[in-house]
Amino acid sequence: MSFDIAVDHRIGDRLIHLRAQAGAGLVALFGPSGAGKTSILNMVAGILTPDSGRIAVAGETLFDSGAGIDIPAARRRAGYVFQDGRLFPQMRVRANLLYGRHGDAPLPFDAVMDFLGIGHLLDRWPATLSGGEAQRVAIGRALLSGPRFLLLDEPLSSLDPARREEILTVIERMKRDLAMPMLYVSHDRAEVERLADQVIAL
Amino acid sequence: MILSADEWGIVALSLRVSLVAVGLMLPVAFTFAWLLARSRFPGKLLVDALIHLPLVVPPVVTGWLLLLLFGANGPLGRLFEQMLGVSFMFRWTGAALASAIMAMPLMVRAMRLSIEGIDHRLEQAAQTLGAGRWRVFLTISLPLSLPGIVAGLVLGFARSIGEFGATITFVSDVPGETRTLPIAIYSALQMPGAESAVTRLAIISILLSLAALVASEALARRASGGRTNHVL
């Protein structure tokens with residue numbers, strides 16, 4: 001079992017309710033905007049606390065309201081790629097990539113540079129990157145933090161079609177080479193059909 | 001323009017008083033700014049109002065309150081005397097304290113604004129990368145609020161250099177101890193034939209304030225690395 005999620009959470013007058021169990025590979029969380037997909041990812045990452053429920057990834061319980069378990073975000077080892085990149089603006093690309101560096105990274109630094117083709121960007125400031133470059137750096141930063149699983153929040157949404165294809169290829173390669181549970185949020189049916197091994201509809 | 005030894009002494013005293021005032025107020029103001037920007041607690045409105053008091057009440061009143069609290073018989077004055085051996089009455093330390101209190105609201109405001117402007121989502125991103133509370137604070141929150149800290153320091157310094165009312169009320173006009181630039185200018189104006197001294201000291205005051213302003217521009221530019229703070 002890769003992702004085992006049973007959560008209830010109220011934001012304002014909206015109720016997020018999910019019961020899902022997923023196998024290996026890339027699991028797509030699919031649904032219209034406003035369905036709470038990003039909130040689910042935030043709960044799995046530990047930056048949003050569900051009102052109640054249980055979250056386990058690859059057999060490890062990260063949150064269980066009944067048992068009083070709530071592992072802090074910093075210790076969940078989630079490789080979270082945000083929709084908007086969220087690179088740290090006051091650090092160059094190199095410092096961004098190394099921010100969460102962890103010995104257990106699935107790929108060493110040089111391999112990540114080659115894999116994502118970002119070796120030539122290391123001395124740049126995030127503000128000077130194109131959308132596609134920034135998203136690749138964000139993926140690299142997540143991979144180098146030694147994640148045990150990946151959370152991808154519409155990583156293509158801010159990109160033009162040519163850049164989309166580029167990042168899609170990267171994600172397909174990660175899926176093939178890393179053998180890591182991946183939870184992928186999208187509202188695009190074509191994207192989901194191409195990438196997902198399993199779909200959770202929201 | 002040539003200053004007399006006495007006048008150089010006044011400039012040096014003003015700088016010392018202002019730098020000590022702003023330096024000591026920095027951690028205090030940042031802590032207040034952080035609390036006001038980030039936390040909710042009972043009495044927050046009252047704390048906010050008290051911090052802003054020196055900005056809105058007449059400086060003479062602030063000076064009088066300082067006299068009551070930090071004077072030789074004031075509760076805090078006695079505490080400082082006993083605990084640290086620091087007394088304020090008629091001393092430059094008192095001038096620095098008055099300056100610090102008068103500068104506080106401006107410093108807190110500038111810092112609070114920049115702390116409120118920090119994108120909380122960047123701090124969350126740092127958390128998911130394994131950073132604990134302190135690392136997030138030191139590597140993300142603090143650097144991102146740096147322009148506000150610099151602005152607060154410069155505003156506070158400029159306010160301190162110009163401080164008059166609270167200081168003269170609290171620690172009077174003692175040459176060599178509390179006679180800072182504005183007080184020296186005022187005293188010189190009371191004496192016949194000191195017009196040239198007034199002119200020299202006034203020019204020095206203007207130059208100091210301009211230098212602080214230019215320095216702040218340069219620092220702010222460096223602090224933000226000539227970049228905008230946008231994420232992408």
Side-chain angles (χ1 to χ4, degrees), chain A residues 38 41-42 44-48 71-92 95-105 124-135 137-138 140-151 153 158-159, chain B residues 26 30 33-34 37-40 110-154 216-232:
Chain A
T38 298
L41 282 199
N42 287 345
V44 177
I47 53 183
L48 178 66
I71 297 179
R75 291 202 278 115
R76 291 197 183 188
R77 309 258 313 264
Y80 198 156
V81 179
F82 299 91
Q83 189 172 354
D84 50 2
R86 297 196 199 176
L87 298 179
F88 305 129
Q90 80 280 20
M91 299 177 195
R92 290 180 196 269
N96 264 285
L97 287 167
L98 295 178
Y99 188 85
R101 186 161 56 161
H102 194 284
D104 284 353
R124 300 261 293 271
W125 293 103
T128 69
L129 302 178
S130 72
E133 287 170 339
Q135 205 54 281
V137 172
R141 185 176 69 172
L143 289 179
L144 289 168
S145 70
R148 296 190 308 108
F149 57 94
L150 290 176
L151 304 172
D153 188 6
S158 59
L159 307 177
Chain B
L26 172 63
F30 188 83
W34 186 270
R38 285 293 172 93
S39 54
R40 260 179 270 171
M111 294 178 195
R112 178 184 182 172
L113 273 178
S114 77
I115 292 167
E116 284 172 346
I118 297 172
D119 187 348
H120 184 52
R121 299 171 315 152
L122 292 173
E123 295 170 322
Q124 290 181 335
Q127 284 175 22
T128 67
L129 290 164
R133 236 169 213 268
W134 279 103
R135 180 147 187 252
V136 172
F137 175 75
L138 291 173
T139 59
I140 308 294
S141 323
L142 198 58
L144 289 178
S145 60
L146 209 55
I149 295 175
V150 171
L153 282 175
V154 172
S216 78
E217 279 295 318
L219 277 172
R221 225 166 266 220
R222 251 182 91 174
S224 67
R227 290 164 286 112
T228 51
N229 275 350
H230 294 130
V231 185
L232 280 180

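Reminder, nothing fancy here: chain letters follow the sequence lines and each chain counts from 1. Remember, it's a predicted structure, so these values are computed and weren't measured experimentally. When reading the values below, keep in mind they use all heavy atoms of this one structure, side chains included, and skip hydrogens, waters and symmetry mates.
Options A:Ala73, A:Gly146, A:Ser145 differ in how many heavy-atom pairs under 4.5 Å they form with chain B, and the most are formed by A:Ala73. Contact count versus chain B (heavy atoms, under 4.5 Å) is highest, among A:Ala74, A:Ala138, A:Gly100, for A:Ala74.
Atom CZ of residue A:Arg75 and atom CD of residue B:Gln127 lie 12.5 Å apart, to the nearest 0.5 angstrom. To the nearest 0.5 angstrom, A:Asn96 atom CG is 9.0 Å from B:Leu129 atom CG. In this structure, OH on A:Tyr80 lies 8.5 Å from CD on B:Gln124, to the nearest 0.5 angstrom.
Looking at residues two or more places apart in sequence or on another chain, you find a salt bridge (Lys or Arg N to Asp or Glu O under 4.0 Å) between A:Arg148 and A:Glu60.
Under the 4.5 Å side-chain criterion, counting only non-hydrogen atoms from C-beta, A:Met91 is in contact with B:Ile140. At least one side-chain heavy atom of A:Pro89 sits less than 4.5 Å from a side-chain heavy atom of B:Leu122.
In this structure, chain A has no heavy atom under 4.5 Å from any part of B:Arg133. Contacts between A:Arg141 and chain B at a heavy-atom distance below 4.5 Å involve backbone atoms as well as side-chain atoms. Contacts of A:Tyr99 with chain B are made by both backbone and side-chain atoms, with heavy-atom separations under 4.5 Å.
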Next on the checklist: Evaluate B:Asp119 against A:Phe88 for side chain to side chain contact (heavy atoms under 4.5 Å, CB included), listing each step before the verdict.
Outcome noted: CA-CA 10 Å; B:Asp119 187 348; A:Phe88 305 129; over 6 Å; no
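Within a 6.0 Å radius of CZ in A:Arg101, other residues, nucleotides and ligands contribute 12 heavy atoms or fewer.
Across all their heavy atoms, A:Gln90 and B:Thr139 have their closest contact at NE2-O, 2.9 Å.
Proximity of a side-chain donor or acceptor of A:Arg86 to a complementary backbone N or O of B:Arg121 within less than 3.5 Å is detected.
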